[in-house]
Amino acid sequence: MKQLNLFDSIDNDQQDVKKLDESVKNPINQIFIYIVQTETSPHKASPIGLSLSKGKGQNCYIPINHHDTKNIKNALEILKPLFEDKGIVKVGHNVKAIIILLNRFGIKLKGDLQDIQIMSYLIDPNRTSHNLDIIAQNYIQRGIYVNEGIKKMRFDTISVEDVARYACESVDAIRELLPVLKKEISDRGLLKLYQDIEMPLVNILARIESNGIKIDINRLHELSKEMSRMLEELETKIHSLAGQSFNINSPRQLSHILFEVLKLKPVRKTKTGFSTDNDTLSQLSLQHELPAEILNYRSLFKLKGTYLDTLPDYVDKHTGRIHTTLNQTVTATGRLSSSDPNLQNIPIRGEWGSKIRAAFIAEKGFKIISADYSQIELRILAHLSNDEHLIEAFLRDTDIHTSTASLLFKVDKSDVSKEMRRIAKTVNFGVIYGMSPYGLSEALRISTSEAGEYISNYFTLYKGVKDFIDKTIQDARQDGFVTTLFGRKRPIPEINSTNTNTRQQAERMAVNTPIQGSAADLIKIAMIKMDDTLTKHSYKTRMILQIHDELLFEAPEDEVKEMIPLIKKTMETVADLKVPLKVDINHGDSWGDAH
DNA sequence: GCCGTCACG
DNA sequence: ACGTACGTGACGGCA
């Protein structure tokens with residue numbers, strides 16, 4: 001492959017780095033940046049080039065050769081004053097990736113940041129992709145150069161000239177998209193959310209990812225060996241119970257054993273056959289010994305394959321820590337998501353959950369601090385609905401499920417049984433999810449009519465909640481979207497569908513999104529405030545993860561005492577709601593200990 | 001590449 | 001008669 005000379009002009013629509021460098025002397029207002037990433041590496045996409053534009057026809061492209069970083073170092077050294085000039089606005093698509101790339105070369109991206117990807121996300125969080133080519137096609141009816149290699153995100157298989165053309169056309173698209181998307185953001189009332197929450201979060205997420213989290217690889221390895229032995233025993237037992245050998249992980253083969261060989265009664269169907277999921281097997285376990293063992297086997301196999309054996313592969317060989325990717329433009333509700341690896345679904349329940357969390361450890365001389373919002377979604381529901389009973393329960397700081405049970409079963413709080421509380425807890429969850437009699441009946445294993453009783457009973461008592469749900473659905477019908485506390489909007493296109501199932505599903509989304517989404521807004525603000533405090537006072541404590549209603553920190557031992565009330569206070573005062581926000585906070589040598 | 005399943009909030 | 005709680009990401013099986 002031909003190596004491109006950095007200081008050559010790439011084609012007549014693109015400019016070389018030297019000329020662009022004149023910008024350092026001739027100040028400009030903004031620069032546009034795009035990085036080309038390839039998906040060849042096993043875990044992370046890695047950058048292979050960077051294009052930069054200061055205006056129409058003034059582009060350059062810098063290839064990044066991982067084996068020979070001399071070229072990019074030279075080029076970036078020239079451009080460094082541009083990147084670090086606080087007076088120049090930096091416009092990009094996925095700015096977090098740019099920040100992390102430049103950090104690798106000792107460059108800080110300073111000044112106002114603008115991100116096309118985040119604008120597109122806020123305008124329509126329902127979209128599954130905010131790739132630049134798709135946004136460009138959609139908003140400026142403009143294609144970006146593609147060939148087979150680019151289509152497959154295999155930029156290592158095509159010529160540098162082709163990548164350069166792709167990169168420069170991409171940066172052109174960013175430049176043309178900026179005013180179009182900015183106007184959309186502003187017209188839809190999303191500017192504050194964009195400027196005060198989402199964009200300040202970009203730098204913080206970059207830092208959290210860079211910080212990473214330490215794991216005890218040896219411990220995970222020991223656990224894996226222990227589990228292998230248990231799985232072998234279970235497999236033998238299962239095959240003997242089935243009377244034959246089969247692949248337990250194949251739903252199709254398992255279905256054959258359960259419903260044809262053992263002739264158990266199927267519970268429900270999937271698209272492809274009879275279901276063998278958790279719920280089904282739990283019910284079948286009443287008829288036969290096998291299903292319970294299958295459940296046992298499945299859960300162990302899952303934990304081993306997804307966590308014990310996989311997490312060690314993600315440990316970065318330079319830092320010795322795991323660096324997840326926190327996605328800011330994925331969920332429809334405003335939550336973050338985590339991938340490569342997903343650190344937001346690390347097991348917690350059961351004996352093995354504790355063991356696995358105990359393998360997420362603090363650096364020597366540090367402690368893990370975990371701070372989680374208590375019942376944040378129900379507190380938000382209380383605020384949004386202004387419901388009398390819900391608000392009173394939280395003002396008195398009573399156990400919310402016990403409080404609901406007391407009203408639902410008309411008994412004193414002190415007389416609420418475990419069973420009543422369990423039912424009330426499920427009903428409370430149901431409210432947040434936009435429950436139906438069927439949904440509740442499945443969750444509680446009761447008849448739909450009985451579930452319907454609970455629901456109508458609940459809504460008679462919690463009139464504010466009932467009104468909130470009705471009004472939210474009504475608003476969604478009228479506006480076509482629902483809104484969170486901080487102005488995040490999610491279009492609900494199917495809300496007026498003539499298909500009952502589709503429409504009801506849309507209604508559940510309409511109800512759930514303001515609740516889940518407002519909680520997402522709140523914790524994002526908490527992250528910004530905490531980061532601000534940590535930076536201003538030069539604390540060595542660092543934020544290392546967000547798990548929807550929980551923030552994880554790694555604090556030097558001598559900062560822990562000071563940090564705990566500080567974090568609690570900061571998180572509890574992010575917003576002034578009709579009910580107090582409550583944060584539970586703990587610390588320890590591991591994530592397990594901090595819970 | 002889709003499906004079923006299951007880990008989390 | 002139908003298929004249903006909200007939001008994610010990753011794994012193995014199987015075409």
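Bear in mind that the values here come from a model prediction, so they are computed numbers and not experimental data. Only heavy atoms go into these numbers, but all of them, side chains included; no hydrogens, no water, no symmetry mates. Sequence lines set the chain letters: A, B, ... in the order given, protein chains first and strands last, and positions in each chain run from 1.
- Under 4.0 angstrom from either OP1 or OP2 of C/dC14 there lies at least one side-chain N or O belonging to A/Q253.
- A donor-acceptor pair under 3.5 Å links the side-chain atoms of A/S354 to the main chain of A/G350, judged by distance alone.
- Note on A/T272: only backbone sugar-phosphate atoms sit closer than 4.0 angstrom, heavy atoms only; bases stay farther off.
- With no hydrogens or angles considered, no side-chain donor-acceptor pair links A/S337 and A/Q344 at under 3.5 Å.
- Phosphate proximity of C/dA5 to A/R508: absent, as no side-chain N or O sits under 4.0 Å from OP1 or OP2.
- Contact annotation: A/T310 does not reach the phosphate of C/dA10 (side-chain N/O to OP1 or OP2, under 4.0 Å).
- A/I547 comes within 4.0 angstrom of sugar-phosphate atoms only, judged by non-hydrogen atoms across all strands, and of no base.
- The nearest pair of heavy atoms linking A/L461 to A/L407 is CD1-O, 3.5 Å.
- Neither OP1 nor OP2 of C/dT8 sits under 4.0 Å from any side-chain N or O of A/S339.
- Across all strands, A/G430 comes closer than 4.0 Å to base atoms (heavy-atom distances).
- Within 4.0 Å of A/A520, counting heavy atoms only, lies no atom of the nucleic acid at all.
- In this structure, CD1 of A/I380 is placed 19 Å from P of C/dC6, rounded to the nearest angstrom.
- To the nearest whole angstrom, the two P atoms, one in C/dA5 and one in B/dC6, are 14 Å apart.
- Pairing partner, C/dA1: none, since no Watson-Crick or wobble contact has both distances short of 3.5 Å.
- When the P atom of B/dC6 is taken as reference, atom CD1 of A/I348 falls 20 Å away, rounded to whole Å.
- For A/N249, the side-chain atoms get nearest to C/dG13 when compared with the rest of B/dG9, C/dG13, B/dG4.
- Between the P atom of C/dT4 and the CG atom of A/L440 lies a distance of 17 Å, rounded to the nearest Å.
- Residue A/V330 is classed as a sugar-phosphate contact, given heavy-atom separations below 4.0 Å to backbone atoms only.
- In the set C/dG7, B/dC8, C/dA10, the nucleotide with an atom closest to the side chain of A/T306 is C/dA10.
- The nearest whole Å value for the distance from the CD atom in A/Q344 to the P atom in C/dC6 is 20 Å.
- Side chain A/R268 to base C/dG3: no donor-acceptor pair is found below 3.5 Å.
- Using a 4.0 Å heavy-atom cutoff across all strands shown, A/T276 reaches sugar-phosphate atoms only and no base atom.
- Between the side chains of A/R542 and A/S210, not a single donor N or O lies within less than 3.5 Å of an accepting N or O.
- Under the Watson-Crick and G-U wobble criteria, each requiring two contacts below 3.5 Å, nucleotide B/dG1 is paired to C/dC14.
- Atom CD1 in A/I455 sits about 9 Å away from atom C1' in C/dA5, given to the nearest Å.
- At the phosphate of B/dG4, OP1 or OP2 sits under 4.0 Å from a side-chain N or O atom of A/T270.
- In this structure, of B/dG9, B/dT5, C/dG7, it is B/dT5 that holds the atom nearest to the side chain of A/S275.
- Residue A/N247 places at least one side-chain N or O closer than 4.0 Å to OP1 or OP2 of C/dG13.
- Side chain of A/K302, nearest nucleotide from C/dC11, B/dC6, B/dG9: B/dC6.
- Close placement of the A/H239 and A/F246 rings is indicated, their centers lying within 6.0 Å of each other.
- Annotation for A/K568 and A/I585: closest pair CD-CG2, 4.1 Å, computed over non-hydrogen atoms.
- For the residue pair A/S339 / A/T325, no side-chain donor-acceptor distance below 3.5 Å is found, with atom types taken as modelled.
- Side chain A/N501 to base C/dG3: a donor-acceptor pair is found below 3.5 Å.
- A/L336 comes within 4.0 angstrom of no nucleic acid atom, judged by non-hydrogen atoms across all strands.
- Counting only heavy atoms from C-beta on, A/N345 has its side chain closest to B/dC8 among B/dC8, C/dA10, C/dC11.
- When each of C/dG3, C/dA5, B/dG4 is scored by its nearest atom to the side-chain atoms of A/K271, the top-ranked nucleotide is B/dG4.
- Across the protein-nucleic acid pair, A/I248 atom CD1 and B/dG4 atom C1' stand 17 Å apart, rounded to whole Å.
- Candidate nucleotides C/dC6, C/dC14, C/dG3 were compared by shortest atom distance to the side chain of A/S250, and C/dC14 ranks first.
- In the set C/dG13, C/dC6, B/dG9, B/dG9 carries the atom at the smallest distance from any side-chain atom of A/R349.
- If you measure from atom CD1 of A/I469 to atom C1' of C/dA5, you get 12 Å, rounded to the nearest angstrom.
- OP1 or OP2 of C/dG7 sits under 4.0 Å from a side-chain N or O of A/R490.
- At the phosphate of C/dC11, neither OP1 nor OP2 sits under 4.0 Å from any side-chain N or O atom of A/R298.
- Nearest nucleotide to the A/P251 side chain, out of C/dG7, C/dA5, B/dG4: B/dG4.
- A/T324 comes within contact range of no nucleotide atom at all, as no heavy-atom separation falls under 4.0 Å.
- Considering only side-chain atoms of A/D549, the nucleotide from B/dG9, B/dG4, C/dA5 that sits closest is B/dG9.
- Look at CZ on A/R445: it is 14 Å from C1' on C/dA5, rounded to the nearest Å.
- Remark: the separation of the P atoms in C/dT4 and B/dT5 is 13 Å, to the nearest Å.
- Heavy-atom contacts from other residues, nucleotides or ligands closer than 6.0 Å to NZ of A/K425 number 12 or fewer.
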